[in-house]
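Step one of this worksheet: look at the structure below.
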Amino acid sequence: MPDVRVRFAPSPTGYLHVGGARTALFNWLFARHHGGTFILRIEDTDRTRSTEEAIGQIQESLRWLGLDWDEYYRQTERFERHLEVAELLRRKGVAYESEGALWFKVPVAGTTAVEDLILGRVEFANSEFKDFVILRSDRTPTYNFACVVDDHDMGVTHVIRGDEHMNNTPKQLWIYGALGWEPPAFAHIPLILGPDRTKLSKRHGAVSVLEYRRRGFLPEALVNFLARLGWSHGDQEIFTREELIRYFDLDGVRSSAAVFDEAKLLWLNHEWMKRCDLERLAGLLAEYILQEGVATEEEVEALGRDKLLRAAELLRERNKTLVDMAHAARFLFPGELSVPQEAEGLFKPELAGPLEAIASALEALDEFSPQAVEQCIRGKVAELGLKLKDVAQPIRVAVSGRTVGPSLFELLALAGKELVVTRLRSVSRRLGGE
RNA sequence: GUCCCCGUCGUCUAGCGGUCUAGGAUCCCGGUCUUUCAAGCCGGAGGCGGGGGUUCGAAUCCCCCCGGGGACACCA
């Protein structure tokens, strides 16, 4: 398939939502798979609803997802061309002026067939359509018209777009026909639905791509997830970007709508966090710690690179998003930790002595490695005639403020001697009746 | 309402006439490991919307019904 040219053509009336992102992804993958060109075309002909801010958000979203474009256009920059073609249509007698707008004359009889790459042949009765506006009274072009002129001029070979555009296709085909232009191939991809099985929208909660970034998802996870919504390659679930490019093609795209299942996205995000380069993950962890207000920039700085790396390595094992990781990292920084309700029962008064003894033993340690800490605590526990089980959870909660987390000794080593000793003593004193 | 599309476990999907007593993933529930929780491993529950055909044989092909969605703008 030589010279594939596809485009993603969003209207800049708001943020890029995941449905649009998937359309962009499918176009991008198709272009990259075939060694073709991916065009970003901003459809801003509706000047009252389009904003510069939305354009910026769309670009930022695409960049974050790694969907780079080879060519960039704005429809408003092509108004003269649209006007020229509209005039041509009028002269040909297939368009006429009425109420200040220019209308396209729809064929009264017969049927129009769309040969869709995904849906197959779809026929429409021409009588179902009414004449439609191609040029508004303010001389700006409408979607169906500008779309045809631009796709033709830009040499678009495949129009891959959402299913909701299926009914527009006959209109566009007529315009191509009237102009004597060769239409591109069409591929209508199924919609993404919310849990209630209606078209995914704001009322379903988070739908903006940037919102997923804010919530701590990795772009590769969202890309992987979106790719698998309506497309598959055998039983494979995890795909790297390179694999998606290698395997993606239209024949793997289904024709039925798919529900956006956040539980699966979370699973994928966890998988991708586990696969993430540690240096990068540590950097991201620092960013989210700041974003979530878990610690200040100075505190993160003071923690140091090594500990941040180690924290990322340990915390990614049991957290599904970067935001969760950031909150789980709270104990690495100075300050009071709140004790979870369900953990209050762990702190029995008779633990006051043992905890103080353990704190003192740990304080005497020269090296605060996981191994050293483990040896020290196990030794002390045996000496006190206790079992590790008796103190493990109390220590964990005292130091981390949580009942769940990394291996206790790893956790203590990561927190560092100072925080560990301080927090153990604080709890011990409290239990001692002070 | 009209037109168009769709219909395999709750969800994402494999399946493209026999290899399907329907496979994988997620979610859920057990077990295992263990200082906790995850992860991992083992096991379990859970589906071809219904009815007619065609065929030796249908999840796969055809028809009808039902169900769901989308579109019906001087928005895209």
Side-chain angles (χ1 to χ4, degrees), chain A residues 9-13 20 42-46 48-50 75 98-103 114 116 118-120 122-125 127-130 132-147 161-170 188 190-199 225 227-238 251-252 254-268 270-271 274 314-320 328 343 346 374 377-378 381 387-397 400 402-411:
Chain A
S11 64
T13 52
I42 303 295
E43 308 232 327
D44 52 352
T45 62
D46 183 349
T48 57
R49 301 202 311 149
S50 300
Q75 226 157 26
S98 173
E99 298 167 43
L102 194 63
W103 300 70
V114 178
D116 191 272
I118 292 167
L119 301 174
V122 181
E123 283 191 32
F124 295 87
S127 58
E128 288 296 326
F129 298 83
K130 293 178 296 190
F132 56 94
V133 170
I134 57 174
L135 207 62
R136 300 184 184 99
S137 29
D138 66 0
R139 316 306 284 167
T140 59
T142 58
Y143 168 72
N144 283 118
F145 175 59
C147 181
R161 71 206 333 183
D163 213 352
E164 74 265 31
H165 286 294
M166 193 63 211
N167 299 52
N168 284 319
T169 315
H188 289 90
L191 264 23
I192 296 181
L193 275 26
D196 63 352
R197 307 205 68 94
T198 63
K199 194 165 136 184
F225 178 72
R228 283 287 287 100
L229 237 39
W231 174 83
S232 61
H233 178 72
D235 280 340
Q236 190 170 339
E237 294 288 350
I238 311 247
D251 56 15
R254 273 173 72 90
S255 47
S256 55
V259 172
F260 192 98
D261 178 22
E262 201 161 289
K264 190 154 184 179
L265 208 209
L266 279 165
W267 168 75
L268 265 176
H270 191 200
E271 291 298 317
K274 287 192 279 187
L314 287 177
L315 263 21
R316 69 172 164 187
E317 291 301 325
R318 54 217 87 201
N319 289 104
K320 292 186 175 181
L346 287 171
E374 173 161 13
I377 291 182
R378 283 191 189 278
V381 163
K387 291 249 189 320
L388 181 59
K389 224 181 171 74
D390 301 326
V391 296
Q393 280 301 83
I395 293 176
R396 171 187 297 283
V397 174
S400 75
R402 293 185 163 215
T403 57
V404 302
S407 152
L408 181 65
F409 310 115
E410 295 282 3
L411 180 149

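Values in this document were obtained by computation on a predicted structure and should not be read as measured data. In what follows, chains are A, B, ... by sequence order, proteins preceding strands, each numbered from 1. Values below: all heavy atoms of this structure, side chains included; hydrogens, waters and symmetry mates excluded.
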Pair assignment for B:rC56, Watson-Crick or G-U wobble, requiring both distances under 3.5 Å: B:rG18
Separation between the C1' atoms of B:rG30 and B:rG46, rounded to whole Å: 15 Å
Shorter than 3.5 Å, N or O on both sides, protein versus nucleotides 21-23 of chain B: list them out with atom names.
| residue | atom | partner | partner atom | Å |
| --- | --- | --- | --- | --- |
| B:rG23 | N2 | A:Asp235 | OD1 | 2.8 |

CA sep, side-chain torsions, deciding dist, call: A:Arg254, A:Ser256, side chain to side chain donor-acceptor pair (under 3.5 Å): CA-CA 6 Å; A:Arg254 273 173 72 90; A:Ser256 55; 2.6 Å; yes
Rounded distance in Å between the P positions of B:rC6 and B:rG52: 24 Å
A:Arg197 side-chain N/O to B:rU11 phosphate OP1/OP2 under 4.0 Å: yes
For B:rC41, the Watson-Crick or wobble partner whose two distances fall under 3.5 Å: B:rG31
Between P of B:rA38 and CG of A:Leu266, the distance in whole Å: 15 Å
Touch class at under 4.0 angstrom, heavy-atom based, for A:Lys387 against every strand present: nothing
B:rU8 and B:rU13, which share atom name C1', separated by this distance in whole Å: 9 Å
Contact list (N/O, under 3.5 angstrom) for nucleotides 32-36 of chain B vs protein:
| residue | atom | partner | partner atom | Å |
| --- | --- | --- | --- | --- |
| B:rU35 | O2 | A:Arg396 | NH2 | 3.2 |
| B:rU35 | N3 | A:Leu408 | N | 3.3 |
| B:rU35 | O4 | A:Ser407 | OG | 3.0 |
| B:rU36 | O4' | A:Gln393 | OE1 | 3.1 |
| B:rU36 | O2' | A:Thr403 | O | 3.0 |
| B:rU36 | O2 | A:Gly405 | N | 3.0 |
| B:rU36 | O2 | A:Gly405 | O | 3.3 |
| B:rU36 | N3 | A:Arg396 | NH2 | 3.0 |
| B:rU36 | N3 | A:Gly405 | O | 2.8 |
| B:rU36 | O4 | A:Ser407 | N | 3.4 |

Heavy atoms of other groups near A:Lys274 NZ, more than 12 under 6.0 Å: yes
Polar atom pairs between nucleotides 26-31 of chain B and protein, under 3.5 Å, N or O only, would you list them?
| residue | atom | partner | partner atom | Å |
| --- | --- | --- | --- | --- |
| B:rU26 | OP1 | A:Trp267 | NE1 | 3.3 |

Whole-angstrom distance between B:rG67 and B:rC41, as gauged at atom P: 43 Å
Out of B:rU11, B:rG69, B:rC74, whichever nucleotide has its closest atom nearest the side chain of A:Val259: B:rU11
Touch class at under 4.0 angstrom, heavy-atom based, for A:Glu237 against every strand present: base
Any N/O donor-acceptor pair, A:Gln236 side-chain to B:rG24 base, under 3.5 Å: no
Inter-nucleotide P distance (B:rA25, B:rC3), Å rounded: 43 Å
Rounded P spacing from B:rA38 to B:rA45 in Å: 23 Å
Sugar-phosphate, base or nothing in reach of A:Ser232, heavy atoms under 4.0 Å: sugar-phosphate
Minimum-distance nucleotide to A:Leu191 side chain [options: B:rA73, B:rG70, B:rA39]: B:rG70
Min side-chain heavy-atom separation A:Met166-A:Val122 under 4.5 Å: yes
What are the atom names and distances for every N/O pair under 3.5 Å that joins the protein to nucleotides 61-65 of chain B?
none

Base-pairing mate for B:rC72 - Watson-Crick or G-U, with both contacts under 3.5 Å: B:rG1
N or O in side chain of A:Arg161 less than 4.0 angstrom from B:rA76 OP1/OP2: no
A:Asp46 side chain, from C-beta outward: closest of B:rC74, B:rA76, B:rA38: B:rA76
Polar atom pairs between nucleotides 3-5 of chain B and protein, under 3.5 Å, N or O only, would you list them?
| residue | atom | partner | partner atom | Å |
| --- | --- | --- | --- | --- |
| B:rC3 | O4' | A:Glu128 | OE1 | 3.2 |

Any strand: nucleotide that pairs with B:rG67 via Watson-Crick or wobble, under 3.5 Å: B:rC6
Side-chain N or O of A:Thr142 closer than 4.0 Å to phosphate OP1/OP2 of B:rA76: no
Sugar-phosphate only, base, or nothing, as touched by A:Asp138 at under 4.0 Å among non-hydrogen atoms: nothing
Residue list, side-chain contact (heavy atoms from CB on, under 4.5 Å) with A:Lys320, at least two apart or on another chain: A:Leu266, A:His270
Touch class at under 4.0 angstrom, heavy-atom based, for A:His165 against every strand present: base
Sugar-phosphate, base or nothing in reach of A:Arg402, heavy atoms under 4.0 Å: nothing
